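Accompanying notes for the structure given below.
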Amino acid sequence: MAPAHTNKLLTDVSFTLNNGKKMPALGLGTANMGPHMAKTTEAVIAAIEAGYRHIDTARMYGSEEYVGAAIKDVIARGIVKREDLFITTKIWCTYFDNPAKCLDISLKALGLDYVDLLLQHWPLCMEGDEDGNSIKREDGTFVFNPNGSYIKFYQKMEDLYRTTDKARSLGVSNYSNAFLTELLKVARVKPVVNQIECHPRLPLKDIVEFDKSLDILITAYSPLGAAGAPNLKLPLVQELAQKYNVTGNEVLASYHVQSGRSVIPRSVNISRVKENIHLAPLTAEDLAGLDQIGIDEPHSVMMPEIWAKMIGFTTYTK
Ligand code: NDP
């Protein structure tokens, strides 16, 4: 039987942002932890060689240096030019008063003059040490700055965007509808993207539909359900993988791309990075079935305390 996936690659799809720029639908996530971090450069190189053009990083992950080394390598070898790549980074919440400082550190680490997309990592203002690390309480919870304003934080990023050429597009991450509504009352630059946790166990239909109505593209993070990739165990994901002769990873990425969302799965396993690039031709019925999993039994993998502050923890877990 000929594979059902052969027609189209996830790496061939791109979306047009509300500022007219294009964003490749499939990006490689790089929030690698512990010993996996050192494998980031190799994974990014493998991804770009396999046709990915979009890489997602953040100051907070500590992966920018490794991503930068990969970019330097592929450009030096003539595999791509800088302008072929779409690099996203994020301003961490401890830099709410001075995002310019964070961006300069990021650009230096990446070895770049500009990023394609700069995101506000969370609509939160946190206390940090002099290196920008969040100060945490003994129980591991973050300390929020009582006077910080996530809107002023974004407005400082707007200033950066408007007065420098260091970020080609501006966006947000982890925004609920209430936070976005407040921001849009004063924003001079509409975010092009809202990057949120989104997968079959957390379809967040209310955010997805609201952002779509505003022409703000959703980028889905933790598509596999994060460490251990628990979403691969969902029976419907396995059934669809068999039906379309693709991997579970490809079903979970195609779920977003077929719904008009970009997606940034993470892996440092080189064969997974290279092989999981086929678009599964999921039908409207398949997509609805995947959504229904999280409508029936929502489950977030993100830090509960953050969700509690953002949109109500009890809404997303049992
Ligand atoms: P993902 O849902 O992408 O899952 C990644 C994990 O799945 C890795 O540990 C990977 O291991 C594993 N995995 C992948 N395929 C398989 C497989 N076939 N079998 C077994 N394990 C597998 O997790 P993330 O939470 O990292 O989300 C993706 C990206 O989204 C991040 O890297 C980051 O860039 C972004 N993000 C953004 C956030 C934000 O606040 N804006 C928050 C969280 C993430 P292996 O490496 O061995 O393949």
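Computed from a predicted structure; not experimentally measured. One-based numbering, in listed order, for ligands and for the atoms of each. We use all heavy atoms of the structure for the numbers below, so side chains are in, but hydrogens, waters and symmetry mates are not.
- Residue R272 touches ligand 1 through its side chain alone, judged by heavy-atom distances below 4.0 Å.
- For T40 and T30, the side-chain atoms include no donor-acceptor pair closer than 3.5 Å.
- Contact annotation for T57 and ligand 1: no heavy atom of the residue comes within less than 4.0 Å of the ligand.
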| message | Between D116 and R82, does the salt bridge (charged side-chain N to carboxylate O under 4.0 Å, His left out) criterion hold? Intermediate values first, please. | response | CA-CA 10 Å; D116 298 275; R82 167 66 186 95; 2.8 Å; yes

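- At a 3.5 angstrom cut-off on N or O pairs, M302 does not count as close to ligand 1.
- Taking the salt bridge (Lys or Arg N to Asp or Glu O under 4.0 Å) definition, one finds that R53 meets it with nothing, sequence neighbours left out.
- With a 4.0 Å heavy-atom cut-off, ligand 1 is reached by the side chain of S173 but not by its N, CA, C or O.
- In terms of polar-atom proximity, defined here as any N/O pair under 3.5 Å, S222 does make such a contact with ligand 1.
- For ligand 1, the polar-atom distance check finds no N/O of A227 at less than 3.5 Å from any of the ligand's N/O atoms.
- Between H199 and ligand 1 there is no heavy-atom distance shorter than 4.0 Å.
- Side-chain atoms of E64 and T89 include a donor-acceptor pair closer than 3.5 Å.
- Side-chain contact annotation: N32 with Y66, donor-acceptor N/O pair under 3.5 Å absent.
- When non-hydrogen atoms are compared, ligand 1 lies under 4.0 Å from neither the backbone nor the side chain of N276.
- Counting heavy atoms under 4.0 Å from ligand 1, residue H36 does not touch it at all.
- No side-chain heavy atom of D286 sits under 4.5 Å from any side-chain heavy atom of Y255.
- Residues that satisfy the salt bridge (Lys or Arg N to Asp or Glu O under 4.0 Å) test with K185, not counting sequence neighbours, are E182.
- Considering V273, N249, N194 only, the shortest heavy-atom separation from atom 15 (N) of ligand 1 involves N249.
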